[in-house]
Undergrad: 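Let me begin by handing over the structure; questions about it come next.
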Amino acid sequence: AKHVDLGVGGSGGNGDDGEQSSASAGHPRGLSAMRNLNSPKFKQADEYAKEKTLVEDYLLDNIDGLQTIAEHSDQSTQQFVTEQAESIAEFIDELVRCVKPGLTKAKFEKKLKIAIAAQLERRSLTKQESRKTEAEMFIRVKSLLPWLRPASFSTFSTTNEKHIYPCFLELINFVAELVVRPLKDQKPASLDEQPKRLVRSYELTDVKPDNSESGRRVDLALKCDAIYYETGDNAEYDEDSFQISEACLKENNEWSDKRPNYPRIFAIVEVKPNSSYANMEKGFAQLVKYTHEIYWNQCNRHFIWGLVSGGSEVKACVFGPNFLLASQFMDVTSTAGRLELIRFLVNWSFCEPSKLGYDPAIRFNWKYWCFTIDMVNSNGSMPAQTTYYLREIVVIAERVFGRHTRCFVVGEQPQSLDENSDNSGDILIKDAWPEVSGSAEDDMRDESKLLERVSNGLAGRSEFNGLYPKYINGGRMQIQNAHGDSVDETTRTVLGETVWAQLGDLPLRAHMRIAMSGVGEPLKTINSIYELVVVIYDVMRCHMGILKHCHILHRDISEANILVRRDDTGVHGMLIDFDHSIDITDEGYVKRTERTGTRPFMSINNLEGELTKRTALDDWEGIIYIFCWLGTFGWNRATQPSGSVSKMAITSWNDYDEMMNAEAKRTNIHSSDNFIGIAKRFNPNIPHISAFKKFVNGLRAVLIDDHDDPNMRGAIFDKNIISEESDTDDFLREEYITRPDPFVERAAHWESISERLLAKLETYATICKRRISESGSRAPDP
């Protein structure tokens, strides 16, 4: 478990396992100091630039039928819902027809009241309810109509965002009010045809929600209000217990119908004065930030809906792990556009929680006042499903796009019933949306299978106990399709075939959930360089053991994937996160050119995306980068540098241009002389940093320098022009030879080089263990 500060607005662990987008909102430690962000205006402009870049990278616009994602899976239920939506749209159409040129205010209001009364007469209301509802609706409709018929209201302007706020709010709440007041001949035949919730707008608009990290104001925020029904045994029917977020419970917030709060917000509405490309792009970019806040506050969100209004034209949009999809425009001034938007809003009230973007397998248990998390078991000897009880959320989904990795410490029974519980737990659940290839049976990247292989392959080898998480159960999560069959929960099954067919070659992702034993602390909890070396040695000893006995290469060595564990024998390391791992016996996967990992720690081979065989040397290279990164930026507040880091050469290791990143690393590690440029900026305030520089350079030398074959030495290779020896008089002709890439040459000898690297690291770790036990202050002799 990678423990993070759960306080809203704090920093956390890398919730996406290092998967970086071209404009990632999360940075490894040290990057925040690269620029002067003291100016709020500069910070906001910088954030908006990132959000705009994300829109450019992930937006797929004008998707036909996007709103069908929110339709109920049961066809007969959906038919009932559609009829409900059509009756509401007809109601509104009749109200719109009351707006006619030349009518006095008195005649218009009289005509409006007659139309409302006639429509309510057709619905299931008592006389008292009808009178009250009629009065409320009259006020609501008067606020709503200017947006639907702007040409008839001289004081209303669709180019003024503030004019649209109350109109949009009243439309949403008007639809919600009629959802629970069906036509007399459209009464639900069963509980399945009852609305499960009412989607309403908070009363305050253009306001900063509670629990906001950024402090930005949102135009409108929507919430899901649960509906309770009396069943045959007088029990309350609570479909939406999934809505309660951990943040609400932790801070004991009182929910307000007026001011929105991120732990409860269902969706955000962003309003722009018109539907120009620039305005819509800005609206999507703002939703990116708000969506990030929702993911931060809600542990059970898979994807998130939003709405962007450009004047009288509205687009629905949905954020997922690797996409931002936007619908065609819905014009609220046209009958067809209103019907489409109303049908969409009504669907939200009836559909299954998963269609809203909530995880139905994470629910709140009112009896024990905690969340429950359901697991699908692939182990045939276990029940098909196991339920665990949440103890603590230790990793949150920090980014809008990526794997959306979350980690939960859980118990097999509620903490209130566990007499031996100290709230620590020893079972960790990892929940993520990684890229997959085909079915679960054929997917070579399935982390649950790889972790199970590791657990089986190292079983009985006590020297590796506690150095890796042990698989318990899990795999791909399941959902029910329209036919009631259980299918893998993937982005394709969530979006549906109509939408998926329009997404081209968008990579498929699947919802994975894995339970494992073994909980550790983040790397920032080490107390000294001594402990850092010991922890890294344990991790690489385990890494090489997994490679030798299980034939699995990790491929994502990073600061976030190394944990610290302490027991009576001392400090130890733990290697986690195998969702980038590959089976080295499968040549097709070993030579895959995808870039994986956390940018500052990615190997040169990885960054350049070449077809060079991936080997353990890529991960050893990552270890050297980790040592350099922590030696420069520290691992916690006490070891962070005090001065500016913006001009340090090492900052180029986080360059978003992979080739520039790789070129910088080739230069920096090419030789001892080149490496001085990196090592001299190690933080001098860290104890024993001088010896640590020599230690890191020693490891670098084993990987880069210490080889008999000159083609295996160094990191730079250039085309050497041989113009002097040319036998032609054409001075424009260049004859050259190409020196082999030393990384390619070394890859053929990865086993022997890895053995030497591990032996070197073991030597240092042995000295550091002795110094830890002696509690001495002298640095280990390099």
Undergrad: How long is the straight-line distance from OG of Ser354 back to CD1 of Ile479, given to the nearest 0.5 Å?
TA: 6.0 Å
Undergrad: Please check this pair: side chain of Gln67 against backbone of Ala316, looking for a donor-acceptor N/O pair closer than 3.5 Å.
TA: no
Undergrad: Would you indicate whether the side-chain heavy atoms of Trp348 and Ile172 approach each other to under 4.5 Å?
TA: no
Undergrad: Checking side chain to side chain donor-acceptor pair (under 3.5 Å) for the pair Asn347/Gln78: CA distance, chi angles, key distance, verdict?
TA: CA-CA 8 Å; Asn347 283 340; Gln78 182 55 42; 3.0 Å; yes
Undergrad: Has Asn473 got a side-chain atom pairing as donor or acceptor with Met375's backbone, closer than 3.5 angstrom?
TA: no
Undergrad: Contact between Phe578 and Pro469 at the side-chain level, heavy atoms closer than 4.5 Å - yes or no?
TA: yes
Undergrad: Of all the heavy-atom pairs spanning Val346 and Val81, show the shortest one and how long it is.
TA: CG1-CG1, 3.7 Å
Undergrad: Evaluate Val400 against Tyr58 for side chain to side chain contact (heavy atoms under 4.5 Å, CB included), listing each step before the verdict.
TA: CA-CA 10 Å; Val400 177; Tyr58 289 96; over 6 Å; no
Undergrad: Would the distance check show the side chain of Arg565 and the main-chain N or O of Gly518 forming a donor-acceptor pair, the cut-off being under 3.5 Å?
TA: no
Undergrad: Parallel, tilted or perpendicular for Phe364 and Trp369, by the 30°/60° rule?
TA: perpendicular
Undergrad: Asp431 and side-chain hydrogen bond (donor to acceptor under 3.5 Å, both in side chains): which single residue from Arg406, His511, Arg403 fits?
TA: His511
Undergrad: Any heavy-atom pair between the side chains of His543 and Leu553 that's under 4.5 Å?
TA: yes
Undergrad: Check each of Leu506, Leu508, Val487 against Arg492 using the side chain to side chain contact (heavy atoms under 4.5 Å, CB included) test, and report the only one that passes.
TA: Leu508
Undergrad: Determine, step by step, whether Ile268 and Ile294 satisfy the side chain to side chain contact (heavy atoms under 4.5 Å, CB included) criterion, reporting the C-alpha distance in whole Å, the side-chain angles of both residues, the deciding distance to 0.1 Å, and the verdict.
TA: CA-CA 10 Å; Ile268 300 290; Ile294 294 174; 4.3 Å; yes
Undergrad: On a heavy-atom basis, which atom in Tyr388 and which in Glu412 lie closest, and how many Å separate them?
TA: CE2-CG, 3.9 Å
Undergrad: Given the ring of Phe371, does Arg363 sit roughly above its face, with NZ or CZ under 6.0 Å from the centre of the six-membered ring and within 45° of the axis?
TA: no
Undergrad: Show your reasoning for whether side chain to side chain contact (heavy atoms under 4.5 Å, CB included) applies to Leu523 and Trp635.
TA: CA-CA 7 Å; Leu523 193 56; Trp635 52 86; 5.6 Å; no
Undergrad: Backbone N or O of Ala638 within a donor-acceptor pair of the Asn636 side chain at under 3.5 Å?
TA: yes
Undergrad: In the structure I gave you, are the side-chain heavy atoms of Tyr358 and Arg301 within less than 4.5 Å of one another anywhere?
TA: yes
Undergrad: Are Gln415 and Glu392 side-chain neighbours, meaning at least one heavy-atom pair lies under 4.5 Å?
TA: no
Undergrad: If we only count heavy atoms from C-beta on, is the Ile265 to Val218 side-chain gap below 4.5 Å?
TA: no
Undergrad: If you measure from CD1 on Ile396 to SG on Cys299, what distance do you get to the nearest 0.5 Å?
TA: 10.5 Å
Undergrad: Among His302, Gln478, Arg509, Arg513, which one satisfies side-chain hydrogen bond (donor to acceptor under 3.5 Å, both in side chains) with Glu489?
TA: His302
Undergrad: Once you round to the nearest 0.5 Å, how far does SG of Cys542 lie from CG of Leu547?
TA: 11.0 Å
Undergrad: I'd like to check Glu447 versus Pro434 (side-chain heavy atoms, cut-off strictly below 4.5 Å). Are they in contact?
TA: no
Undergrad: Quick check against the 3.5 Å criterion: does His572 have a side-chain atom that pairs as donor or acceptor with the backbone of Leu563?
TA: no
Undergrad: Whether the side chain of Arg259 engages the backbone of Tyr202 through a donor-acceptor N/O pair (distance < 3.5 Å, no angle test) should be reported.
TA: no
Undergrad: How long is the span from the CG atom in Leu390 to the CG atom in Asn365, to the nearest 0.5 Å?
TA: 11.5 Å
Undergrad: Using every non-hydrogen atom in the two residues, find where Ile557 and Met540 come nearest and quote the distance to one decimal.
TA: CD1-SD, 4.4 Å
Undergrad: Please walk me through it: do Ile472 and Thr386 pass side chain to side chain contact (heavy atoms under 4.5 Å, CB included)?
TA: CA-CA 11 Å; Ile472 298 176; Thr386 302; over 6 Å; no
Undergrad: Taking Asp374 for its side chain and Thr387 for its backbone only, find out whether a donor-acceptor pair lies under 3.5 Å.
TA: no
Undergrad: Atom CG of Leu324 and atom SG of Cys317: how far apart are they, to the nearest 0.5 Å?
TA: 6.0 Å
Undergrad: Classify the angle between the aromatic ring planes of Trp305 and Phe303 as parallel (below 30°), tilted (30 to 60°) or perpendicular (above 60°).
TA: perpendicular
Undergrad: Under 4.5 Å between any side-chain heavy atoms of Val288 and Phe319, yes or no?
TA: yes
Undergrad: So Arg453 and Asp583, salt bridge (charged side-chain N to carboxylate O under 4.0 Å, His left out) or not? Walk me through it.
TA: CA-CA 10 Å; Arg453 276 183 54 183; Asp583 182 347; 3.1 Å; yes
Undergrad: Looking at every heavy atom in both Val571 and Val564, which two are closest together, and how far apart are they?
TA: CG2-CG1, 3.6 Å
Undergrad: Do you know the tightest heavy-atom contact between Lys430 and Met516?
TA: CB-CE, 3.8 Å
Undergrad: Between Ser581 and Leu450, which heavy-atom pair has the shortest distance, and what is it?
TA: O-CD1, 3.6 Å
Undergrad: Would Asp567 and Thr569 count as a side chain to side chain donor-acceptor pair (under 3.5 Å) here? Give the steps.
TA: CA-CA 5 Å; Asp567 59 24; Thr569 64; 2.5 Å; yes
Undergrad: Can a donor-acceptor pair be found, under 3.5 Å and without considering hydrogens, that links the side chain of Lys470 to the backbone of Tyr468?
TA: no
Undergrad: Go through it in stages, so that I can follow the logic: the residues are Glu293 and Ser212, the test is side chain to side chain donor-acceptor pair (under 3.5 Å), and I'd like the CA-CA distance, side-chain angles, deciding distance and then a yes or no.
TA: CA-CA 7 Å; Glu293 301 258 24; Ser212 173; 3.2 Å; yes
Undergrad: Between atom OG of Ser437 and atom CG of Asp446, what is the distance when rounded to the nearest 0.5 Å?
TA: 9.0 Å
Undergrad: His292 side chain to Glu398 main-chain N or O, any donor-acceptor pair under 3.5 Å?
TA: yes
